[in-house]
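Just so it is clear, the structure is predicted and the values come from calculations on it, not from any experiment. Order of the sequence lines sets the chain letters (A, B, ...), proteins ahead of strands, with each chain counted from 1. Just so you know, these numbers use all the heavy atoms, side chains as well, and skip hydrogens, waters and symmetry mates.
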Amino acid sequence: MTTIHDDDVEARVRELFDRQASAIETGERIWGDAPHATVVNLAEHRSRKRWIGGGIAAFATVGVAAAVMFAFGVNGPGTVKTEPPIGSRTNEPAVSFVTNQVSLTADNFVITANGMQFTARNVELMVHSDPGGDDYQTLEVEWTELGVEQRLYIYFASDGNDWWATEIRTRNGHADADWIEYLGSRFRTPVGSAFTGSVDLRPDDGRDGRLEIENMRLMAFKPPAVCENPTSRYALFSPYSEISSGGYTAELLDTKTCKVVTGNAYDITWTAKSGDAEFATEPCDEGAPTACSYAGVAVNKNGIAHITAKARATGEVVAVLDVPMRDFGPPPVTDNPEVVDPNLVEVP
Amino acid sequence: MAAIETKSTAAASPPADFADFYRDAWPGAVRLAGLLTQDARAAEDIAQDAFTRVYPKWDRVENAPAYLWTAIVNGTRSWQARKHTARTKLPLVASAATTDFEFEMFGDLVAALPYRQRAVLVLRYYADMNETEIADALGCRPGTVKSLASRALASLKKGIEQ
């Protein structure tokens, strides 16, 4: 048996990839040469950004905020000012942006940019989070209003004890959209608690713009909802509230500790409850064995992914989870819905 | 290690239009898809599909090469989930230093790795991505990237030694 050093293996990997890449003939391609398309249905909206799924804001009343666990008090650095009610908008419906990781609800919300005011009301929102990890995650809200793209992105950090926002961005209200940035740490709050207060921010670089949020309740690094009011000993958790083609994880949590179950006692399987998809699964591969499954997903038709955790010894089902499944959808509606790019042809 | 062409364009001024981006990034995209799947036939389809996903967002995407990589990684992941007939092996450029036979066998070992282990190797040793970039592309934590790489190299080492 030949003994190989670790450095040798790495060197062989590099050489293999170099030699394979050099041998792949690619030729020259011109956009529009060959049929490469997807049918463009301009009447539908693209459902997600990149590969990250997210929840859709569905709540419409302030009463929903009661479901968000919050505590009062602001500690640490922050530039929040508690303002009197903003203008005459207090009769407007509340705003709610909620994902598995972050909740933002408020009585009023306005982005002022390019002389226009964006309220994110009566528009279709795309709300999602980059679930990140233990020290990073985001809240990303996107929509079209007043004929231009608008976004609210909040970036969060945590040291395990507290969480806080490190940066907020919105769009500048122009057709060729650019960012307006609100830099600096804000909303520092203990993990497990929500920040409450009103927000009135202007860009640090003196650009035209303003972000106002009245009576905001903001919580990042939320514990999984399945641990909040558990109805059973175990629960399946996936960081994404919607999946499309890509890679996703599902973890079996002990709802008493809200930790992933360790060991090899459980099998997690993925199937299409409705719609059509293919799943290639493997362990999550994070060191010691845990009840965690990673699935490469290919969605062929919108539907529901059904995830099941069973005890290996008895076959007993201990937890199930259904997650909406969406095919990577068509482009968003344009201002001129009759225009179809001539390079995009229908796949036969 | 030569960086993938799409990565190098991220530092330079972006091409004037999508057609220029497509022409310039196509070879690197095919190579990345080929290495991730270790299948010569799948590479062009996956690369083309990735560009098709980038095109509608061209005016809004901030970092087109990074978005393209992500689309390619996702595409190869979806491809992995589907059932396939026998793999179409990638060709090898001849080398005076090692025999093609040895490297073909080594290529088989790499192709037999679980997808994410193989993807970590490709993104680290071919695309020169750092741990955070790899974690972002695969949708996992940086710690998982280390674990995947370690297991992949250990499997390959065992395969070579046997």
> With a 4.5 angstrom heavy-atom cut-off, which part of B/V73 approaches chain A: side chain, backbone, both or neither?
Replying inline: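 Answer is neither: B/V73 stays 4.5 Å or more from chain A.
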
Using 0.5 Å steps for rounding, measure from the [atom1] atom of [X] to the [atom2] atom of [Y].
| X | Y | atom1 | atom2 | value |
| --- | --- | --- | --- | --- |
| A/R12 | B/I160 | CZ | CD1 | 4.5 Å |
| A/I24 | B/L32 | CD1 | CG | 9.5 Å |
| B/R118 | A/F17 | CZ | CZ | 8.5 Å |
| B/D24 | A/R29 | CG | CZ | 14.5 Å |

> Between A/V9 and chain B, which part of the residue has a heavy atom less than 4.5 Å away: side chain, backbone, both or neither?
Replying inline: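 Both parts, backbone and side chain.
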
>> Is A/W179 close to chain B through its backbone or its side chain, or both, or neither, when contacts mean heavy atoms under 4.5 Å?
In response: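 Contact with chain B is through the side chain of A/W179 alone.
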
Work out which heavy atom in [X] is nearest to a heavy atom in [Y]; give both atom names and the distance.
| X | Y | value |
| --- | --- | --- |
| B/R31 | A/A21 | NE-O, 3.0 Å |
| A/E25 | B/E44 | O-OE2, 4.3 Å |
| A/Y294 | B/L138 | OH-O, 4.2 Å |
| A/T26 | B/W26 | O-NE1, 3.3 Å |

> With A/D267, which residues qualify under salt bridge (charged side-chain N to carboxylate O under 4.0 Å, His left out), at least two apart?
Replying inline: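 Counting only residues at least two positions away or on another chain, A/D267 forms a salt bridge (charged side-chain N to carboxylate O under 4.0 Å, His left out) with A/R312.
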
>> Suppose we screen for salt bridge (charged side-chain N to carboxylate O under 4.0 Å, His left out). Which residues come up paired with A/K301, at least two apart in sequence or across chains?
In response: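 Applying salt bridge (charged side-chain N to carboxylate O under 4.0 Å, His left out) to A/K301 gives none.
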
> Under the side-chain contact (heavy atoms from CB on, under 4.5 Å) criterion, do B/Y125 and A/L16 qualify, and how do the steps go?
Replying inline: CA-CA 10 Å; B/Y125 295 113; A/L16 173 71; over 6 Å; no

> Just wondering, do B/F106 and A/V13 contact through their side chains at under 4.5 Å, heavy atoms?
Replying inline: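 Answer yes - side chains close enough.
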
> Highest number of heavy-atom pairs under 4.5 Å with chain A: which of B/L109, B/T76, B/V30, B/L153?
Replying inline: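 Answer, by heavy-atom pair count under 4.5 Å with chain A: B/L153.
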
